[in-house]
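Worksheet for the structure shown next.
Because only heavy atoms are used, hydrogens play no part in the values below, and waters and symmetry mates are left out as well, while side chains stay in.
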Amino acid sequence: MKELVRTSDHGTWTLRTLYLIKGPPGRSAESLRGDMDGDMDSDMDKAVFKRNVRKLKFHRLTRSLPEGYELSPRGSAYSARRESGDSSR
């Protein structure tokens, strides 16, 4: 995960995207990306956003649903550790 955050052209998109996907499951990429409006990732278009979600899926942090996404158990555990301040993994 640290590698994803460190090498990203969009900075902290990783945690922000996990946070957005953590919300109600099944939200579309366009809906999730729209929630980034006004923050530092608001220049990220839908194609870039979807590509980034696929990177998270590759690391088994998210899952695709028939429509939209949800956090995987691994993604939920990672998100919970980050929220508690534990960034050791």
Side-chain angles (χ1 to χ4, degrees):
M1 267 312 287
K2 290 178 184 177
E3 185 69 17
L4 272 178
V5 173
R6 194 176 82 231
T7 62
S8 171
D9 292 338
H10 292 278
T12 60
W13 70 267
T14 310
L15 297 175
R16 177 72 173 133
T17 302
L18 285 173
Y19 175 78
L20 290 171
I21 293 172
K22 183 180 174 182
R27 292 183 57 209
S28 69
E30 188 63 27
S31 172
L32 292 166
R33 215 264 355 122
D35 285 352
M36 290 184 157
D37 286 343
D39 73 14
M40 64 188 199
D41 293 326
S42 63
D43 64 334
M44 187 186 307
D45 66 20
K46 181 180 174 183
V48 172
F49 182 83
K50 288 181 85 164
R51 186 170 51 245
N52 286 340
V53 172
R54 285 192 296 273
K55 292 175 190 175
L56 297 174
K57 185 178 177 182
F58 175 81
H59 290 280
R60 300 185 335 254
L61 297 169
T62 62
R63 296 190 282 213
S64 295
L65 301 173
E67 182 175 332
Y69 308 97
E70 69 178 358
L71 290 185
S72 68
R74 182 179 181 169
S76 293
Y78 179 79
S79 177
R81 281 193 311 273
R82 293 299 302 217
E83 287 176 5
S84 72
D86 178 9
S87 60
S88 61
R89 295 187 205 175

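- L15 and V53 fall within the same hydrophobic cluster, where Ile, Leu, Val, Met, Phe, Trp and Tyr residues are linked whenever their side-chain heavy atoms come under 4.5 Å apart, directly or through other members.
- The structure places NZ of K50 at 11.0 Å from NZ of K57, a figure rounded to the nearest 0.5 Å.
- Taking 4.5 Å as the limit, every side-chain heavy atom of L71 sits out of range of all side-chain heavy atoms of L56.
- The OG1 atom of T62 lies 12.5 Å from the CG atom of L20; values are rounded to the nearest 0.5 Å.
- Side-chain contact between S72 and H59 is absent, with no heavy atoms from C-beta onward closer than 4.5 Å.
- Within a 6.0 Å sphere centred on CZ of R60, other residues, nucleotides and ligands contribute 12 heavy atoms or fewer.
- Taking 4.5 Å as the limit, every side-chain heavy atom of L32 sits out of range of all side-chain heavy atoms of T17.
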